[in-house]
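First the structure, in the form of structure tokens, and then the observations on it.
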Amino acid sequence: MARNSILSSHRQVLRQFIGSNSRSFQTLTPSPPTPIPTSSLFSPVPPKPFPSGSSILSGSSHVHFSDLPFFQSRPLSSPSSPSNIVLVNSENDFNSSLSKAQDDSVPAIFYFTAVWCGPCRFIGPIIGELSEKYPHVTTYKIDIDQEGLQSILSKLNITSVPTLHFYQNGKKAAEVIGADVARLTNTIEKLYKFSLSSTS
């Protein structure tokens with residue numbers, strides 16, 4: 001009986017939330033990047049929501065990430081991620097991946113992210129879809145809170161997440177900072193659409 005009452009209460013709250021915010025989901029606008037806390041460069045940072053006051057949705061009203069509990073509990077990666085998304089787990093992994101992109105001219109995207117980053121969670125599924133659309137491009141996913149990556153982050157001047165570096169023909173060709181879906185999509189299409197048609 002108590003369980004049914006709790007479920008009923010949750011359903012009612014969900015209906016109220018969806019009803020009052022249904023117009024918020026009509027138009028997506030770029031969300032600002034989340035600055036990397038200084039402490040995360042030296043020690044693990046506990047998960048936290050996207051800063052209140054910044055929204056990614058526009059319309060007559062808007063929703064903050066801090067108001068959406070599912071953004072705080074979603075995993076960083078899905079078990080069904082495309083095979084061309086590679087997790088970088090160490091400085092050696094990163095150096096090896098960068099060498100492939102530069103020396104072997106392999107088209108690649110370096111995606112700097114963090115578990116606690118709200119915009120990263122928003123943009124993650126979009127990166128997954130684009131990876132499926134452009135299977136010849138390898139996406140290297142780098143969690144900035146992993147040990148041993150501080151010197152790389154400093155060298156590459158990674159100060160906000162999400163940050164994406166795009167490599168084509170052995171060189172860094174573009175950079176996108178923040179969850180700017182339109183810019184991300186346009187950059188990938190501009191850089192990799194031609195090479196996709198030439199490989200098929």
Any sub-3.5 Å donor-acceptor pair from [X]'s side-chain atoms to [Y]'s backbone N or O?
| X | Y | result |
| --- | --- | --- |
| Gln168 | Leu191 | yes |
| Ser96 | Asn92 | no |
| Tyr111 | Ile85 | no |
| Thr187 | Arg183 | yes |
| Thr185 | Val181 | yes |
| Asp143 | Asp145 | yes |
| Gln146 | Val88 | yes |

Would you say that [X] contacts [Y] through its side chain, given a criterion of any heavy-atom pair below 4.5 Å between the two side chains?
| X | Y | result |
| --- | --- | --- |
| Thr113 | Arg121 | no |
| Leu156 | Phe94 | yes |
| Ile109 | Val137 | yes |

Working to the nearest 0.5 angstrom, can you tell me the gap between [X] [atom1] and [Y] [atom2]?
| X | Y | atom1 | atom2 | value |
| --- | --- | --- | --- | --- |
| Ser151 | Leu149 | OG | CG | 7.5 Å |
| Ser83 | Glu132 | OG | CD | 9.0 Å |
| Ser97 | Lys141 | OG | NZ | 14.5 Å |
| Asn95 | Ser90 | CG | OG | 8.5 Å |
| Glu91 | Gln150 | CD | CD | 9.0 Å |

Tell me whether the centres of the aromatic rings in Phe110 and Phe166 are closer together than 6.0 Å.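 Between Phe110 and Phe166, the centre distance exceeds or equals 6.0 Å.
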Between Phe112 and His165, ring centroids under 6.0 Å: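 Between Phe112 and His165, the centre distance is under 6.0 Å.
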Shortest non-hydrogen contact from [X] to [Y]?
| X | Y | answer |
| --- | --- | --- |
| Thr138 | Tyr140 | CG2-CZ, 3.4 Å |
| Ile123 | Gly178 | CD1-O, 4.1 Å |
| Asp93 | Leu87 | OD2-O, 4.5 Å |
| Ile144 | Ala114 | CG1-CB, 3.9 Å |
| Asn169 | Ser105 | C-OG, 3.7 Å |
| Glu175 | Lys172 | OE2-NZ, 3.4 Å |

Should Leu98 and Tyr167 be marked as a side-chain contact (heavy atoms from CB on, under 4.5 Å) after you check the CA-CA gap, both sets of side-chain angles, and the distance that decides it? CA-CA 9 Å; Leu98 187 60; Tyr167 281 77; 3.5 Å; yes
Treating Ile, Leu, Val, Met, Phe, Trp and Tyr as nodes and any side-chain heavy-atom pair under 4.5 angstrom as an edge, say whether Val161 and Val86 lie in one connected cluster.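 Hydrophobic grouping puts Val161 with Val86.
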Using side-chain contact (heavy atoms from CB on, under 4.5 Å), reason through Leu184 and Ile127 one step at a time and then give a plain yes or no. CA-CA 9 Å; Leu184 169 65; Ile127 290 172; 4.0 Å; yes
